[in-house]
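Heads up: the structure comes next, in structure tokens.
Just so it is clear, the structure is predicted and the values come from calculations on it, not from any experiment.
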Amino acid sequence: MKGTLRERRPGNWELIVQLPRDAASGRQKQLSRTHVGTKREAQRALSALVAQVAEGKISSSSTTLNELLLRWLDQVDNRLLPTTAREYRRIVNGRIGPDLGKLRLSKVMTQRIDAYCAALTREHKLSPGTVRHVHAILRGSLGQAVKWG
């Protein structure tokens, strides 16, 4: 992973890091941040930014949760029993997609998933079995997303 440093004004630095290609679109993007301080401080900030990108903490992906869910369902369809696959698609299209589908993957956090599952039980009065299915779908698809990068 590469990063470049450019002084825009005295004491004002632009940090630029090349991001990995977006898996969905195939586009190469870059991340730009501004840092105010000395050149040495800007170099340290650039190193930290490059490390975050390398660890996958910062991503260029604009993929939504719904796109991931549909891609994951297509992949696991042949490994599931037909009734399970049909039920998973029903849950994705009828429940998860409308509720969380527009979220970018970079915005999906554990707390949000936990709160969503709690709301399904508390507010929507879904059975614990249905909530387990929702959680299994989210866990499986997000786990696969990590493997796909």
Side-chain angles (χ1 to χ4, degrees), residues 1-6 8 12-36 42-149:
M1 204 78 32
K2 288 187 176 182
T4 56
L5 189 63
R6 182 176 83 163
R8 299 190 63 131
N12 195 334
W13 300 88
E14 182 179 22
L15 316 174
I16 302 169
V17 178
Q18 294 296 318
L19 296 172
R21 287 198 181 278
D22 187 344
S25 68
R27 289 186 171 170
Q28 179 80 39
K29 293 185 179 180
Q30 62 184 19
L31 175 69
S32 175
R33 298 270 166 92
T34 302
H35 180 81
V36 178
Q43 288 170 333
R44 284 192 204 116
L46 179 62
S47 296
L49 191 59
V50 167
Q52 286 180 328
V53 170
E55 292 171 5
K57 292 181 179 176
I58 298 176
S59 163
S60 67
S61 181
S62 59
T63 304
T64 63
L65 181 60
N66 204 44
E67 292 168 354
L68 168 69
L69 289 168
L70 295 176
R71 183 175 169 202
W72 176 77
L73 281 172
D74 289 340
Q75 185 208 10
V76 298
D77 221 8
N78 59 351
R79 292 185 288 167
L80 299 173
L81 292 171
T83 54
T84 304
R86 201 169 34 253
E87 179 66 9
Y88 279 13
R89 283 197 185 278
R90 186 188 69 75
I91 290 172
V92 166
N93 293 330
R95 180 66 62 185
I96 302 172
D99 294 346
L100 299 176
K102 291 183 180 179
L103 278 177
R104 285 184 32 202
L105 286 180
S106 59
K107 300 293 183 190
V108 177
M109 301 293 171
T110 305
Q111 297 87 353
R112 181 172 242 154
I113 299 295
D114 291 344
Y116 177 65
C117 288
L120 290 176
T121 304
R122 190 177 52 254
E123 297 167 16
H124 297 284
K125 307 288 188 221
L126 294 181
S127 72
T130 302
V131 175
R132 271 194 307 274
H133 282 302
V134 168
H135 192 265
I137 291 167
L138 289 169
R139 183 182 61 237
S141 62
L142 292 169
Q144 186 62 48
V146 170
K147 290 176 186 173
W148 284 335

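- Residues A42 and L15 come closest through the heavy atom pair O-CD2, 3.6 Å.
- Distance check, rounded to the nearest 0.5 Å: CG of L126 to CZ of R132 gives 12.5 Å.
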TODO: Could you walk me through whether I137 and L69 pass the side-chain contact (heavy atoms from CB on, under 4.5 Å) test, one step at a time?
DONE: CA-CA 8 Å; I137 291 167; L69 289 168; 3.8 Å; yes
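- Distance check, rounded to the nearest 0.5 Å: CG of L5 to CG of L49 gives 11.0 Å.
- One distance of note links CG of L68 with CG of L103; it measures 12.0 Å at 0.5 Å rounding.
- For the atom pair Q75 CD and S141 OG, the distance stands at 11.0 Å (nearest 0.5 Å).
- From T84, atom OG1 reaches atom NE2 of H133 across 7.5 Å, with rounding to the nearest 0.5 Å.
- No donor-acceptor distance shorter than 3.5 angstrom exists from the side chain of N12 to the backbone of R8, with no hydrogens or angles considered.
- For the residue pair G101 and T64, the shortest heavy atom distance occurs at O-CB, 3.3 Å.
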- [ ] Test L70 against N93 for side-chain contact (heavy atoms from CB on, under 4.5 Å), laying out the working first.
- [x] CA-CA 9 Å; L70 295 176; N93 293 330; 4.1 Å; yes
Scan the side chains in residues 110-119 for donor-acceptor partners under 3.5 Å anywhere in the protein, sequence neighbours excluded, and list what turns up.
unit_1: Y116; atom_1: OH; unit_2: R95; atom_2: O; d: 3.4
unit_1: Y116; atom_1: OH; unit_2: D99; atom_2: OD2; d: 2.8

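- Checked against T4 for a side-chain contact (heavy atoms from CB on, under 4.5 Å), the options L46, I16, V17 give a single hit: I16.
- Considering every non-hydrogen atom in both Q18 and V53, the closest pair reads O-CG1, 4.2 Å.
- K125 and R122 get closest at one heavy-atom pair: NZ-O, 3.0 Å.
- Applying the salt bridge (charged side-chain N to carboxylate O under 4.0 Å, His left out) criterion to R90, with sequence neighbours excluded, gives E87.
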TODO: Step by step, work out the side-chain contact (heavy atoms from CB on, under 4.5 Å) result for L138 and L65.
DONE: CA-CA 9 Å; L138 289 169; L65 181 60; 4.1 Å; yes
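- Y88 and W72 have parallel rings, their planes meeting at less than 30° on a 0 to 90° scale where 60° marks the start of perpendicular.
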Task: Trace of the side-chain contact (heavy atoms from CB on, under 4.5 Å) decision for R89 with D77 - done: CA-CA 9 Å; R89 283 197 185 278; D77 221 8; 3.4 Å; yes
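- To the nearest 0.5 Å, atom NZ of residue K2 and atom CD of residue Q30 are 13.0 Å apart.
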